[in-house]
Amino acid sequence: FGKMGNGMDDSVKEIVDATFETIRRRGAVEPEDLKTLYFFFGSTLEKALDIYDAELVSKRVAMPSQRTFYTVEGTLAFPYVVMENWCSCPAFSKSIAKGCREMV
């Protein structure tokens with residue numbers, strides 16, 4: 001789990017980051033974790049869990065750097081690449097563009 005992006009209110013970011021840290025320490029996701037995350041992410045969380053349950057997520061390790069990243073099989077012919085705070089999917093690009101427009 002990575003840290004949340006800058007487009008989130010600081011208090012919300014703290015709650016979500018704390019939830020991710022608890023999951024990481026415990027090594028498991030509990031029902032209360034899902035409730036917290038669903039409160040903030042709603043249907044986006046459901047879609048992400050569906051993708052994970054369908055085993056469309058693969059962990060990769062780049063050589064020789066040993067940098068870890070993930071690939072997610074999407075609807076296109078090639079997988080999306082997911083790194084900390086970045087994804088090659090169109091939804092991520094749109095959210096970044098929206099955030100940039102709001103900052104201007």
Supply the atom-to-atom distance [X] [atom1] to [Y] [atom2], rounded to the nearest 0.5 angstrom.
{"X": "F41", "Y": "L34", "atom1": "CZ", "atom2": "CG", "value": "12.5 Å"}
{"X": "L49", "Y": "L37", "atom1": "CG", "atom2": "CG", "value": "8.5 Å"}
{"X": "L45", "Y": "K47", "atom1": "CG", "atom2": "NZ", "value": "11.5 Å"}
{"X": "S88", "Y": "Y80", "atom1": "OG", "atom2": "OH", "value": "7.5 Å"}

Exercise for review: Give the minimum heavy-atom separation between V57 and Y70, together with the two atoms involved.
Suggested key: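 So the minimum-distance heavy-atom pair works out to CG1-CD2, 4.1 Å.
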Point to revise | Side chains of M83 and R67 in contact at under 4.5 Å (non-hydrogen atoms) | key: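 SC-SC contact between M83 and R67 confirmed.
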Point to revise | K59 side chain near T68 side chain, heavy-atom distance below 4.5 Å | key: yes
Exercise for review: Dump the intermediate steps for side-chain contact (heavy atoms from CB on, under 4.5 Å) on T19 and F40, then the final yes or no.
Suggested key: CA-CA 11 Å; T19 302; F40 295 110; over 6 Å; no
**Study point:** Short side-chain donor-acceptor distance under 3.5 Å, Y38 and E46
**Key:** yes
Exercise for review: Begin with the C-alpha distance, continue with both residues' side-chain angles, and end with the deciding distance and a verdict on side-chain contact (heavy atoms from CB on, under 4.5 Å) for W86 and V81.
Suggested key: CA-CA 8 Å; W86 184 83; V81 175; 4.1 Å; yes
Check your understanding: Yes or no on side-chain contact (heavy atoms from CB on, under 4.5 Å) for T71 and V82, after CA distance, side-chain angles and deciding distance?
Key -> CA-CA 6 Å; T71 57; V82 181; over 6 Å; no
Practice item. Decide if atom CD of Q66 counts as having more than 12 heavy atoms of other residues, nucleotides or ligands within a radius under 6.0 Å. Key: yes
Check your understanding: Do the charged groups of R24 and E21 touch, with an N to O distance under 4.0 Å?
Key -> yes
Review point. Is there a donor-acceptor contact under 3.5 Å from the side chain of D33 to the main chain of E30?
Key: yes
